[in-house]
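Here is the structure we will look at, set down as structure tokens.
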Amino acid sequence: MYGLWKPRVLGAWRVPATGPVILAVNHSHVIDGPMVMGVAPRPTHFLVKKEAFIGPLDPFLLRIGQVKVDRDTTDRTAIIQALGVLADGGVLGIFPEGTRGEGDFAALRAGLAYFAVRGGAPIVPVAVLGSSDRPGRLIKGLPPLRSRVDVVFGDPFEAGDGSGRRTRKALDEATERIQKQLTAHLENARRLTGR
């Protein structure tokens, strides 16, 4: 990432040095996940759509510990693998919106709350800004080479209410709390970076 672009990383020290952690990353461009993996202070295992595991990328992504997920169904294998990452004290990266979009955390899926509550892991909000500002001249699908991309890590927070409940209602309430935290972090990140 540092060879192709100029990442400016703010707040990486906020990621707990040990124990399970979930990085909740906004997603507006294909490079957002690789950018976070490249600049995060700890190795990160992202939930990655199964469609990305094609050709030589399949063994590569599996070798570096990414978790293949089928977004069209309840993928029990992916759930078990992701919970395993957290049980081993690792870092799980999730795009809570479920797919690329505006990257504004406007429509969260319930998976993030489930993993946070079930895995007992704090959530660190991560804003990637500048990856989708303008297309590159050489490769239109990527940001211009050597352009600045900001990655802003926020303060960790707990998704649950402290009760340990994992009911549908508890997860819905956790999702609402998460959305407020992520939206506030994104606004703060934009203010910090001027984007």
- request: Report the C-alpha separation of R195 and R148 in whole Å, then their side-chain angles, then the decisive distance to 0.1 Å, and conclude whether the side chain to side chain contact (heavy atoms under 4.5 Å, CB included) test is met.
  value: CA-CA 11 Å; R195 290 188 183 256; R148 191 180 87 213; 3.4 Å; yes
task: Could you check V48 against V69 for side chain to side chain contact (heavy atoms under 4.5 Å, CB included), going step by step and ending with a plain yes or no?
output: CA-CA 6 Å; V48 179; V69 63; 5.8 Å; no
message: Set out, in order, the CA-CA distance, both residues' side-chain angles and the distance that settles side chain to side chain contact (heavy atoms under 4.5 Å, CB included) for T193 and R8, then state yes or no.
response: CA-CA 9 Å; T193 61; R8 179 172 61 167; 3.5 Å; yes
- request: Could you walk me through whether K6 and V149 pass side chain to side chain contact (heavy atoms under 4.5 Å, CB included), step by step?
  value: CA-CA 6 Å; K6 295 186 211 173; V149 177; over 6 Å; no
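Between the side chain of N26 and the backbone N or O of V128, at least one donor-acceptor pair lies under 3.5 Å. Between the side chain of H45 and the backbone N or O of L92, no donor-acceptor pair lies under 3.5 Å. Between the D70 side chain and the D72 main chain, a donor and an acceptor come within less than 3.5 Å of each other. The closest donor-acceptor contact from the side chain of Q66 to the backbone of L61 lies at 3.5 Å or more, if one exists at all. Using a distance-only test at 3.5 Å, with no hydrogens or angles considered, a donor-acceptor pair links the side chain of H185 to the main chain of V152. Side-chain atoms of R177 come within 3.5 Å of backbone atoms of A159 as a donor-acceptor pair (strictly under, hydrogens ignored).
Counted within 6.0 Å of CZ on R146, heavy atoms from surrounding residues, nucleotides or ligands total more than 12; the atom is thus considered enclosed.
The side-chain heavy atoms of D58 and L62, taken from C-beta on, include a pair separated by under 4.5 Å. Between R118 and L83, some side-chain heavy-atom pair lies under the 4.5 Å cut-off. Counting heavy atoms from C-beta on, the side chains of V124 and I22 never come closer than 4.5 Å. Between I94 and F46 there is no side-chain heavy-atom pair separated by less than 4.5 Å.
Cluster membership for I178 and F115, using ILVMFWY side-chain heavy atoms within less than 4.5 angstrom, is shared. No path of Ile, Leu, Val, Met, Phe, Trp and Tyr side chains, each step under 4.5 Å between heavy atoms, connects L10 with V151, placing them in separate hydrophobic clusters. There is no path of hydrophobic side-chain contacts, each under 4.5 Å, that joins I80 to V85. Cluster membership for L86 and I79, using ILVMFWY side-chain heavy atoms within less than 4.5 angstrom, is shared. Placement of L57 and I64 within a single hydrophobic cluster is found when ILVMFWY residues are connected by side-chain heavy-atom separations under 4.5 Å, directly or transitively.
Considering every non-hydrogen atom in both L47 and A82, the closest pair reads CD2-CB, 4.1 Å. For G119 against P20, the heavy-atom pair with the smallest separation is O-CG, 4.4 Å. Residues P56 and P59 approach most closely at O-CD, 3.3 Å, considering heavy atoms.
For the atom pair Y114 OH and L171 CG, the distance stands at 8.5 Å (nearest 0.5 Å). Interatomic distance, CG of L186 versus CG of L182, reported as 8.5 Å (0.5 Å rounding). Separation of atoms CD (Q181) and CZ (F157) is listed at 4.5 Å; rounding is to 0.5 Å. One distance of note links CH2 of W5 with CG of L145; it measures 6.5 Å at 0.5 Å rounding. Considering NZ of K180 and OG1 of T175, their distance stands at 12.0 Å, rounded to 0.5 Å. From I123, atom CD1 reaches atom CG of D155 across 13.5 Å, with rounding to the nearest 0.5 Å.
A salt bridge does not link K50 with D75: none of the charged nitrogens is closer than 4.0 Å to a carboxylate oxygen.
With sequence neighbours excluded, no residue forms a ring-ring contact (aromatic ring centres under 6.0 Å, His included) with F153.
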Which side-chain N or O atoms in residues 34-44 pair as donor and acceptor under 3.5 Å with protein atoms at least two apart or in another chain?
residue : atom : partner : partner atom : Å
R42     : NH1  : P16     : O            : 2.8
R42     : NH1  : G19     : O            : 3.0
R42     : NH2  : G19     : O            : 2.9
R42     : NH2  : G89     : O            : 2.7
T44     : OG1  : R42     : O            : 3.1

